[in-house]
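Working notes, structure below.
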Protein chains: 2
Amino acid sequence: MRGAASSCKSCSLRTVCAVNPDELSCSRQMDDLILGYRHVKKGVALYRAGDAFSNLYAVRTGSYKKVTLLADGREQVTGFYVSGELLGADGIATDHYASDVVALEDSSVCVMPFDLLELLSREVKAVQHNVFRMLSADLVRESNALILLGTMTADERVAAFLLDLSSRWQARAYSPNAFGLRMTREETGSFLGLKLETVSRTLSRFQKQGLIKVRGKEVEILDFPGLNQVARRTV
Amino acid sequence: MRGAASSCKSCSLRTVCAVNPDELSCSRQMDDLILGYRHVKKGVALYRAGDAFSNLYAVRTGSYKKVTLLADGREQVTGFYVSGELLGADGIATDHYASDVVALEDSSVCVMPFDLLELLSREVKAVQHNVFRMLSADLVRESNALILLGTMTADERVAAFLLDLSSRWQARAYSPNAFGLRMTREETGSFLGLKLETVSRTLSRFQKQGLIKVRGKEVEILDFPGLNQVARRTV
DNA sequence: CGAGTGTTTGATTTCTGTCAATGCTGGTGG
DNA sequence: CCACCAGCATTGACAGAAATCAAACACTCG
């Protein structure tokens, strides 16, 4: 467990926090912003729906699922988050978080007290701009998820899901060809608006078609153009 | 067409712009912010995906649909917007709008140049806080739409849709019992992830069940508890 | 090594989409 | 003012995709 004294200069999220990672004056101020790290064990909630809102979080390590609950107990995974992504923005509107965020593996976050972030946003234009951009990017991400759920078939959803994961790993300098799914088939299905059996069947069929190789949670993409075609994207 | 000189004091959106509508100093500053009004004829786009981002818009009168396009030409309605609601936030992330927004009837918006909004946000804490809240509220709204598309049956979607419209009309001091749908069955279906025939059938069945009365675009809710039950909400 | 969770696969059902025909309504122009 | 037209809505019959129910299998973690 790292202390609050850790510097943002060593944080892989500097590019998230600062518009320009070379902009030292900014990242120095980010040091004031990051209260510290918080480690979250697999299966444990970073926060729960209804908790009083006070912090935004930036994923440092590991991965998380965001789960939204219905009144009748049904729940849906509304997002997966990996390093560099922002958590907690759904709490700003009502001063209470609107969802549960649970670690899919042992993970950690940077803790950013929102009042400090507001303060810093007022002082440093670049920080303000970046906070707005992060919130807006969240909106765009959710819009894309809406399209996925609203207009796509099961095949298209699974293909798009794999390609999305691939590009996110690539953006983090990991292999876009082979990666481990952190989530179960059920969680994947919940996110994609499908049942776990459908996800499993679809992955199996993709394998038969030579598009991918699956073995449990390990996935390898063998045919990107083919998968893109299934997802009906223009490469 | 009103000019830029119009005052926010006479704008129905003051409660959106200012945290506290009585806070005159704030609303005076909002006058500087609102560049002016823009009228949008039925069927005309307020902005299109890819347009350079420069303004946020607050709906003054009328109603709008937000449409997101897929690469292959398919499109989905990702939201309906009425007075007091915020448009354009999806453009912040990339400096280009990510969707089309089209007026469903002759409508108007307040134009808020984003750079001015950023400036004012840095100067006035209350404005900053409110902008964050509006963006966050957008996120929560989209999360709810995700749940609708991800876990609900056709009946539940249509019931939830009617109840959502009802509460939005009520919040604007219109009758929550009877209102006119501004959107076609096809647009409704696109938003709900259903085909227009399914929407039509479901509405007809709800009417047979005595839950609502439909006549074309006119809807009257006869049995709120019943409709809530169909939507599987806790009143 | 065993228990329990997670995954795969199969058989069947159900819901929603698709295709098709008809009807309504509001706007336009003669 | 009325008739016509085009877009929108309703309804029916049928097909198809994904859910459900069910069983067996594979990991992984004590």
Side-chain angles (χ1 to χ4, degrees), chain A residues 41-44 63 65 74 76-77 102 104-106 148-162 180-209 212-220 230-232, chain B residues 41-43 63 65 74-77 102 104-106 148-162 180-209 212-220 230-232:
Chain A
K41 287 276 180 198
K42 177 177 179 173
V44 172
S63 53
K65 64 172 175 180
R74 276 180 299 183
Q76 185 181 358
V77 175
V102 178
L104 293 173
E105 58 196 307
D106 290 1
L148 185 139
L149 291 176
T151 69
M152 290 187 171
T153 65
D155 280 17
E156 289 166 6
R157 292 180 201 199
V158 174
F161 175 70
L162 292 174
L181 302 174
R182 310 306 208 257
M183 61 294 288
T184 67
R185 296 287 187 271
E186 183 166 27
E187 286 160 346
T188 306
S190 174
F191 176 63
L192 296 176
L194 301 170
K195 291 295 154 182
L196 68 96
E197 295 96 326
T198 306
V199 174
S200 178
R201 269 186 251 273
T202 306
L203 289 173
S204 298
R205 189 155 29 75
F206 283 178
Q207 178 163 245
K208 242 176 246 155
Q209 295 165 351
I212 61 172
K213 197 163 152 243
V214 211
R215 179 160 181 77
K217 291 216 163 70
E218 291 305 312
V219 174
E220 187 179 350
V230 173
R232 302 234 212 154
Chain B
K41 288 277 182 199
K42 177 177 179 172
S63 52
K65 63 172 175 180
R74 279 180 299 182
E75 60 178 51
Q76 184 182 0
V77 175
V102 177
L104 294 174
E105 58 196 308
D106 290 1
L148 186 139
L149 291 175
T151 70
M152 289 186 172
T153 65
D155 280 19
E156 289 166 5
R157 292 180 200 199
V158 174
F161 176 69
L162 292 173
L181 302 175
R182 310 303 206 261
M183 62 293 289
T184 67
R185 296 287 186 271
E186 183 166 27
E187 287 160 345
T188 306
S190 173
F191 177 62
L192 296 176
L194 301 170
K195 290 294 154 184
L196 67 95
E197 295 96 329
T198 305
V199 174
S200 180
R201 269 185 251 275
T202 306
L203 289 173
S204 298
R205 190 154 29 75
F206 283 178
Q207 178 163 246
K208 245 176 241 152
Q209 294 166 351
I212 62 172
K213 198 166 150 237
V214 211
R215 180 161 180 75
K217 292 215 164 66
E218 291 304 312
V219 174
E220 187 178 349
V230 172
R232 301 237 213 153

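Computation of the quantities below employed the complete heavy-atom set of this structure, encompassing side-chain atoms and omitting hydrogens, waters and symmetry-equivalent molecules. So that the names make sense, note that chain A is the first sequence line, chain B the second, and so on, each numbered from 1. None of the values given here were measured: they were computed from a predicted structure.
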Starting at atom [atom1] of [X], determine the distance to atom [atom2] of [N], rounded to an integer number of angstrom.
X        : N      : atom1 : atom2 : answer
B/Lys213 : D/dA9  : NZ    : C1'   : 17 Å
A/Glu156 : D/dA18 : CD    : C1'   : 14 Å
A/Arg157 : D/dA18 : CZ    : P     : 8 Å
B/Met152 : D/dA19 : CE    : P     : 16 Å
B/Arg205 : D/dT11 : CZ    : P     : 12 Å

Inset, instruction - Give me the bend of the helix from C/dC1-D/dG30 to C/dG30-D/dC1, using the axes of the five pairs at each end, rounded to 10°. - result: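 Computed from the C1' atoms at both ends, the axes differ by 50°.
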
Legend entry - Range on DNA chain C touched by chain A - first to last nucleotide, heavy-atom distance under 4.0 Å: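 Extent of the interface on DNA chain C: C/dG6 to C/dA11.
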
Residues in salt bridge (charged side-chain N to carboxylate O under 4.0 Å, His left out) contact with [X], at least two apart in sequence or another chain:
X        : result
A/Glu187 : A/Lys65
A/Glu105 : A/Arg182
A/Lys208 : none

Inset, instruction - Sequence neighbours left out, what passes side chain to side chain contact (heavy atoms under 4.5 Å, CB included) with A/Glu218? Give chain and number order. - result: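 A/Glu218 satisfies side chain to side chain contact (heavy atoms under 4.5 Å, CB included) with no other residue.
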
Legend entry - Partner residues of B/Val214 under the side chain to side chain contact (heavy atoms under 4.5 Å, CB included) criterion, sequence neighbours left out: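 Testing B/Val214 for side chain to side chain contact (heavy atoms under 4.5 Å, CB included), a comparison that skips the adjacent residues, returns B/Arg185, B/Leu203, B/Gln207, B/Ile212, B/Val219.
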
Any base atoms under 4.0 Å from [X], or only sugar-phosphate, or nothing? Heavy atoms, all strands.
X        : result
A/Gly189 : nothing
A/Leu203 : nothing
B/Thr184 : sugar-phosphate

Inset, instruction - Go through the structure and list residues passing side-chain hydrogen bond (donor to acceptor under 3.5 Å, both in side chains) with B/Asp155, not counting sequence neighbours. - result: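 With neighbours one apart ignored, the set is B/Arg205.
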
Legend entry - side-chain hydrogen bond (donor to acceptor under 3.5 Å, both in side chains) partners for B/Glu75, two or more places apart: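 So B/Glu75 forms no side-chain hydrogen bond (donor to acceptor under 3.5 Å, both in side chains) with any residue.
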
Inset, instruction - State whether the side chain of B/Asp106 and the backbone N or O of B/Lys41 hold a donor-acceptor pair below 3.5 Å, judged by distance alone. - result: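 Not a single qualifying donor-acceptor pair exists.
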
Inset, instruction - Provide the full list of side chain to side chain donor-acceptor pair (under 3.5 Å) pairs with a residue in residues 188-198 of chain B, sequence neighbours left out, each pair given once. - result: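 Qualifying pairs: none.
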
Inset, instruction - Determine, for nucleotides 20-30 of chain D in 5'-to-3' order, which nucleotides have protein heavy atoms under 4.0 Å from the base (write B), from only the sugar-phosphate (write S), or from neither (write -). - result: BB-----S---

Legend entry - Taking every non-hydrogen atom, the tightest pair across A/Gln76 and A/Phe191: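 Taking every non-hydrogen atom into account, NE2-O, 3.9 Å.
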
Legend entry - A/Ala160 to A/Leu148 - nearest heavy-atom pair and separation: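 Smallest heavy-atom distance, with atoms named: CB-CD1, 4.0 Å.
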
Inset, instruction - Ignoring backbone atoms, establish whether A/Thr153 has a side-chain N or O less than 4.0 Å from OP1 or OP2 of D/dA17. - result: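 Answer no for this pair, as no side-chain N or O of A/Thr153 is under 4.0 Å from OP1 or OP2.
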
